[in-house]
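First the structure, in the form of structure tokens, and then the observations on it.
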Amino acid sequence: MYDAVADPYCYPGTTVLMNIPGLRTQAALDAFETASTTQRADEPLPSGRLSATHYRALHHHLFQDIYAWAGKFRTVRISKDGSAFCYPENIQREMSALFDDLKKQRYFRDLTADDFAKAATTFLATLNAIHPFREGNGRTQTAFLALIADQAGHPIDLQRLEPERFLKAMIASFHGDEKPLLRQIQRLIAP
Ligand SMILES: Nc1ncnc2c1ncn2[C@@H]1O[C@H](COP(=O)(O)OP(=O)(O)OP(=O)(O)O)[C@@H](O)[C@H]1O
């Protein structure tokens with residue numbers, strides 16, 4: 001849930017995001033989201049070049065059954081518990097810069113496991129600070145992390161992700177301390 005006021009993405013007078021099945025309560029939407037994104041995540045993920053466009057395709061794949069805007073960058077300002085994410089007018093530019101840098105760093109290939117973890121940590125922290133979508137950023141982040149980890153030769157096991165610790169680490173990274181997130185990513189990398 002985001003701290004948003006008079007949000008055009010929501011049913012009027014509510015904080016429930018307008019959705020394809022037309023669910024009007026947060027509980028029903030949450031249940032539907034969990035079921036459908038879990039199912040979509042088990043399907044082959046869209047192939048691509050690990051670009052910002054690929055990232056959008058991944059979000060579209062996971063959220064296509066739920067939101068008409070799946071795969072599209074948000075048009076409103078959002079924050080979570082006081083963390084204000086990138087303003088919508090800067091998202092395209094910041095995403096291009098981040099993914100251009102990923103390409104320049106050769107998608108973190110040919111790195112030791114430790115250097116890969118460090119690079120992936122900074123990447124993920126920046127991606128989270130941008131928060132390009134109105135909803136579904138977390139699930140797209142971890143799915144993309146698994147893709148780059150596979151391709152860099154340091155596969156990660158998302159089953160080992162501890163949601164509460166990972167969330168705390170992501171929040172710390174937002175406030176400039178990437179160490180807890182580095183530790184979380186290190187423990188996801190298969191030994
Ligand atoms: N206060 C905060 N400051 C910075 N980042 C946060 C904060 N709260 C949550 N996050 C991060 O935001 C992401 C979740 O974003 P969002 O809710 O759009 O995604 P989701 O996929 O719908 O949710 P979830 O990851 O909880 O399933 C996660 O990476 C989480 O760590």
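When a ligand or atom number is given, it counts from 1 through the structure's own listing order.
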Exercise for review: Report, in ascending order of atom number, the atoms of ligand 1 lying under 4.0 Å from any heavy atom of Gly138.
Suggested key: 13 (C), 14 (C), 15 (O), 16 (P), 19 (O), 20 (P), 21 (O), 25 (O), 28 (C), 29 (O)
**Study point:** Residue selection (non-hydrogen contact nearest atom 17 (O) of ligand 1) among Arg74, Glu135, Lys80
**Key:** Lys80
Review point. Aromatic ring centroids of Phe123 and Phe99 under 6.0 Å?
Key: yes
Check your understanding: For atom 20 (P) of ligand 1, which of His59, Arg139, Arg134 has the closest heavy atom?
Key -> Arg139
Review point. According to the interplanar angle, ranging from 0 to 90°, do the rings of Phe133 and Tyr55 count as parallel (below 30°), tilted (30 to 60°) or perpendicular (above 60°)?
Key: parallel
**Study point:** Short side-chain to backbone donor-acceptor contact, Arg49 and His54, under 3.5 Å
**Key:** no
Exercise for review: Take every heavy atom of His131, measure it against each atom of ligand 1, and state whether any distance is under 4.0 Å.
Suggested key: yes
Check your understanding: Of the non-hydrogen atoms in Arg74 and His131, which two are nearest, and what is the gap between them?
Key -> NE-O, 2.7 Å
Exercise for review: Would you check whether Ile171 has a nitrogen or oxygen atom less than 3.5 angstrom from a nitrogen or oxygen atom of ligand 1?
Suggested key: no
Point to revise | Contacting atoms of ligand 1, where contact means under 4.0 angstrom from a heavy atom of Met170 | key: 29 (O), 31 (O)
Donor-acceptor pairs are to be reported for all side-chain atoms of residues 168-180 against protein atoms at under 3.5 Å, with residues two or more places apart or in another chain.
{"from": "Ser173", "atom 1": "OG", "to": "Met170", "atom 2": "O", "distance (Å)": "2.7"}
{"from": "Asp177", "atom 1": "OD1", "to": "Lys179", "atom 2": "N", "distance (Å)": "3.1"}
{"from": "Glu178", "atom 1": "OE1", "to": "Thr122", "atom 2": "OG1", "distance (Å)": "2.9"}

Exercise for review: Could you list which atoms of ligand 1 come closer than 4.0 Å to a heavy atom of Gln141?
Suggested key: 28 (C), 29 (O)
Exercise for review: Ignoring hydrogens, just give me the one of Asn137, Leu181, Thr140, Asn128 whose non-hydrogen atom is nearest atom 5 (N) of ligand 1.
Suggested key: Asn128
Check your understanding: Just checking, any donor-acceptor pair under 3.5 angstrom between side chains of Arg165 and Gln184?
Key -> no
**Study point:** Check: His59 side chain, Glu135 main-chain N or O, donor-acceptor pair, under 3.5 Å
**Key:** yes
Check your understanding: At a 4.0 Å threshold, what atoms of ligand 1 neighbour a non-hydrogen atom of Leu167?
Key -> 8 (N), 9 (C), 10 (N), 30 (C), 31 (O)
